[in-house]
Protein chains: 2
Amino acid sequence: MHNPLYRNVIARITEKLESGEWRANQVIPSEWRLAEQFRVSIGTIRRAVDELVAGRLLVRHQGRGTFVAAHTEDHYRYHFFRLVDAAGTRLYPAVQLQGFRRARADAAEAARLQLKRGAPVVRIVNLLRLEGAPAVLDRITLPAALFPGLTRAMFERRSGTIYHLYQERFGVSVIRAVERLRATAAGRAETRALGVSPGSPLLEIERLAYTYRNRPVELRVSRAHTARYSYLSEIGKSDT
Amino acid sequence: MHNPLYRNVIARITEKLESGEWRANQVIPSEWRLAEQFRVSIGTIRRAVDELVAGRLLVRHQGRGTFVAAHTEDHYRYHFFRLVDAAGTRLYPAVQLQGFRRARADAAEAARLQLKRGAPVVRIVNLLRLEGAPAVLDRITLPAALFPGLTRAMFERRSGTIYHLYQERFGVSVIRAVERLRATAAGRAETRALGVSPGSPLLEIERLAYTYRNRPVELRVSRAHTARYSYLSEIGKSDT
DNA sequence: AAGTGGTCTAGACCACCAT
DNA sequence: TGGTGGTCTAGACCACTTA
């Protein structure tokens, strides 16, 4: 009723993205064509696309067209990784697979991933190096249903980010994440993997990553050694 | 040269905010009047105001007008405080002043606040309670030049947030902040103030708060006990 | 040169708020 | 009832890319 037209357009475009009719890195129809197709004015199309661009679902390139955002793009690489060095420059980690197991969701995983307890999941452990040195230990839990045929080799022979892998091989586009941070003490696993002394303080980052329609697709608990690096959080800027 | 008109409008509106010609909580002229005054179309005014609203400098109220954002507003209370409980609900702290001293900027303070080393500053220590229990120890450094006549009593008899105090008494509007998070071990001060055992892990949040034109106005180092609370960070959402 | 997104305008109508 | 912001339209012109 009081739904503005541009919301409707946003919903219809989102459907095309979700269904895979428009795929990552592809051009979508020009604004002129969209206006014709959706029977609205170009201004309304622009309003809708503006919001989708702000939400990082689409990317505009003047003179070329509007594209479906992909995890191959540079700005996306750093979008979900927030550790910086003392000077504040963003870093990107080298990932090393340490564990890959199929299991059944425990209570915490089930609650966060909106699964039934005991639902099949995949648990992955990654060691992240920054500037060569071990810095972060990641424990990832994925709903197996969303990643059929996922194998250890896919992680080992991966090129690009992990989210790029999700997108390319399984059509799962991570578009949003919520992270909760707290301080913890290093346990046995972290002591060994990160080379820190037992009980030394680590930054714990619990991330829930979402795809379209607020569907959770990944739970990730990272423990980071923050002697030389810190987690950057900006408040009140439109974006990066 | 290639500067779009609406950028110009943004700059001119920002000047009015910065100079104090338009004050917090006041209505600004209607879009119609602004268009007339700035000699541009209403569409261009809307484009400019859209961005300023997105950046939280202005607030629109349909039927009433457009207002200068103030730290009295509810959404602003939580904008700069990101600790949540286990259920994810945002909390607001009770602040208790523990220290107030005038001093000279050390090297780190000077660098971050863009002051000369030895410039006069005010150092404030606050204890923050969440749900009655001590949870965070804040160490704040302010450039004395920006806060003339600041007294201990102003902090003690404060109503509203600290940023509201800056805005009301000194015309300093905090509009943006950059935070760096790491894990540290509790020192003597934290052990006493927060009631934790020495060496236990704490979340350290180093915040630099900015006003217009990217001028830093506050350095704050918080140490938080995150057994029951965590720091919430959202990636890829327009805003709260 | 043709096609795309980016800016700017002018005007109509609606929803909401104060009075 | 009059004024405000919110939505939608139609069209002009500019800037950039590709061929």
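In what follows, every chain begins at residue 1, and chains take the letters A, B, ... in the order their sequences are listed. These numbers come from the heavy atoms of this one structure, side chains and all, not from hydrogens, waters or symmetry mates.
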Which residues pass the side-chain hydrogen bond (donor to acceptor under 3.5 Å, both in side chains) test with A/Arg213, sequence neighbours left out?
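Partners of A/Arg213 under the side-chain hydrogen bond (donor to acceptor under 3.5 Å, both in side chains) test: A/Glu18.
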What integer distance in Å separates B/Glu36:CD from C/dG11:P?
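Roughly 14 Å, once rounded to whole Å.
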Go along nucleotides 3-9 of chain D 5' to 3' and tag each nucleotide: B for a protein heavy atom under 4.0 Å from its base, S when only backbone or sugar atoms are that close, - otherwise.
BBBSBSB
Quick one: do [X] and [Y] make a salt bridge, cutoff under 4.0 Å?
{"X": "A/Arg60", "Y": "A/Glu31", "value": "yes"}
{"X": "A/Arg47", "Y": "A/Glu51", "value": "yes"}
{"X": "A/Glu206", "Y": "A/Arg220", "value": "no"}

I'd like to know whether B/Tyr231 forms a side chain to side chain donor-acceptor pair (under 3.5 Å) with B/Glu179, so could you lay out the CA-CA distance, the side-chain angles of the two residues, the decisive distance to 0.1 Å, and finally the verdict.
CA-CA 11 Å; B/Tyr231 179 102; B/Glu179 301 193 321; 2.4 Å; yes
For residues A/Tyr166 and A/Tyr163, establish whether the separation of their ring centroids is below 6.0 Å.
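Distance test on ring centres: under 6.0 Å, yes.
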Looking at A/Tyr210, I'd like to know if the NZ or CZ of A/Arg215 sits under 6.0 Å from its six-membered ring centre while staying within 45 degrees of the ring's axis.
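No, a cation-pi geometry is absent between A/Arg215 and A/Tyr210.
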Have a look at the helix from C/dA1-D/dT18 to C/dA18-D/dT1 and give the angle its two end axes make, five pairs each, rounded to 10 degrees.
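Taking the rotation axis at each end, their angle is 10°.
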Of the options A/Arg176, A/Arg180, A/Arg82, which is the one that meets B/Glu234 in a salt bridge (Lys or Arg N to Asp or Glu O under 4.0 Å)?
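For B/Glu234, the salt bridge (Lys or Arg N to Asp or Glu O under 4.0 Å) check succeeds only for A/Arg176.
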